[in-house]
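Note that these values count all heavy atoms, side chains included, but never hydrogens, waters or copies made by symmetry. These numbers come from a predicted model, not from an experiment.
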2 protein chains.
Amino acid sequence: MGTHAKVLKAGQMSLAKPTFPAPDHDHGRCTAEAMTHAEQVCARRAQKFTPIRRQVLQALLSSHRPLGAYEVIDELAKSMPRPAPITVYRALDFLMANGLVHRIESRNAFLACAHDHDETSMVAFLICDHCGSVGEIPAAPVAQSLTAAARASGFVPKLSVVEIAGTCAHCRK
Amino acid sequence: MGTHAKVLKAGQMSLAKPTFPAPDHDHGRCTAEAMTHAEQVCARRAQKFTPIRRQVLQALLSSHRPLGAYEVIDELAKSMPRPAPITVYRALDFLMANGLVHRIESRNAFLACAHDHDETSMVAFLICDHCGSVGEIPAAPVAQSLTAAARASGFVPKLSVVEIAGTCAHCRK
DNA sequence: CGGAATTCGTAAGCAAGCTTATTATATCCC
DNA sequence: GGGATATAATAAGCTTGCTTACGAATTCCG
């Protein structure tokens, strides 16, 4: 069997790129794009994109797998004196506050947000149990029905966590 | 607010209660019910509802708030020699395997399942940021659309985590 | 009864996640 | 320049979540 180079049905939602990164995609370029996007976001908001913040984001971008804080530290340690936890946590807080990084609750881990999705719209995470990589899918319609159901019981939703574990297309062979 | 269709198997009670527990509800009775339900489930499945398992469930039932493993230990320590972590984790595993307890991923905590909901159907959790209590809402329709969206990108979902943080009706005053 | 299987207790330990406290270094802006 | 403000580094430590290893107790069942 050759590569199951199945072209993903692009008809899905309103997302240009495939929601799941192909294992052979041009990762260098995809991280570069994410970095310039981060720069733009920070510039627009007059936030300082300092070296340590940049390096933490870079570490997270090194894969499409969520990394625990200590994994980030290990990653950074390869190219600089090992940073203290607090240093990394501060950078992560900053990156999350600016929508550049997501926290994957069910894994206690952090994921660089690869796409430039609308900040207000909700996303769901697809977490592959096999290769560990994570895809994002827009979950606006889902969010709507969830929100409606929640409100029906007098609950005012603020933040939603939708994380789905399973097997991604590339590992399902 | 919509009345969601209740398709229940014989022997199961209905989901007639509000999804969120009122602060002044008859908690003694609600835990008693949950205990007898647990007994029935265990009996039906020929599982042993041992004292320690019973006590762990009781501890979780002491509030509608999810408790961390160590909080459970603290709770148990009030009425017995402090149990070791492994003891509690074993009981929790058992209770989860039998659908009597949920794990709240975003909190690393455990919650006694108050209602007797259909085991196959999916639930979403509403977590109040203020009082910490948790309500459950049926999320079958949501699950369906999520699953469909996931499959569209070649992903095969196995386990879904839907946890919504916000403010409950009783704290919103 | 007596062996097998399940459950429980004891003891110890480890890694991850996150924090507090304090001092140093940039950066901004007047 | 120089004070105020934001950011980072250093150092230390705490809590929680969870595990391994192993022996004792209990229960099941032929």
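Linking Ile, Leu, Val, Met, Phe, Trp and Tyr residues whenever their side-chain heavy atoms come within less than 4.5 Å leaves A/Phe155 and A/Val161 in two separate clusters. Under the 4.5 Å side-chain heavy-atom criterion for ILVMFWY residues, no single connected hydrophobic cluster contains both B/Ile86 and B/Met80.
Whole-Å rounding puts the A/Glu105 CD to C/dG17 C1' distance at 13 Å. Distance CE (B/Met80) to C1' (C/dT10): 13 Å, rounded to an integer number of Å. Separating the CG atom of B/Leu95 from the P atom of C/dC8 is a distance of 10 Å, rounded to the nearest angstrom. A straight line from CG of A/Leu92 to C1' of C/dG17 spans 11 Å, rounded to a whole angstrom.
Centroid-to-centroid, the aromatic rings of B/Phe110 and B/His102 stay 6.0 Å apart or farther. Aromatic ring centres of A/His27 and A/His64: separated by under 6.0 Å.
By the side chain to side chain donor-acceptor pair (under 3.5 Å) test, A/Arg53 is found to be paired with no residue, residues two or more places apart in sequence or in another chain being considered.
Of the residues in residues 49-79 of chain B, B/Gly68, B/Ala69, B/Tyr70 come within less than 4.0 Å of DNA chain D through at least one heavy atom, sorted by number.
Between the side chain of B/Gln55 and the backbone N or O of B/Pro51 there is at least one donor-acceptor pair closer than 3.5 Å.
Nearest nucleotide to the side chain of B/Arg90, out of C/dC8, C/dT6, C/dC18: C/dC8.
Put simply, the side chain of A/Arg65 reaches to within 4.5 Å of the side chain of A/Leu67, judged on heavy atoms. The shortest side-chain heavy-atom distance between B/Val134 and B/Arg107 does not fall under the 4.5 Å cut-off.
Residue-level contact check: B/Arg82 touches neither bases nor backbone, having no heavy atom under 4.0 Å from any strand.
Comparing B/Pro85 and A/Ala91, the nucleotide of DNA chain D nearest to each residue sits closer to the 5' end for A/Ala91.
Contact footprint of chain A on DNA chain D: nucleotides with an atom under 4.0 Å from a non-hydrogen protein atom, first to last in 5' to 3' order, D/dA6 to D/dA11.
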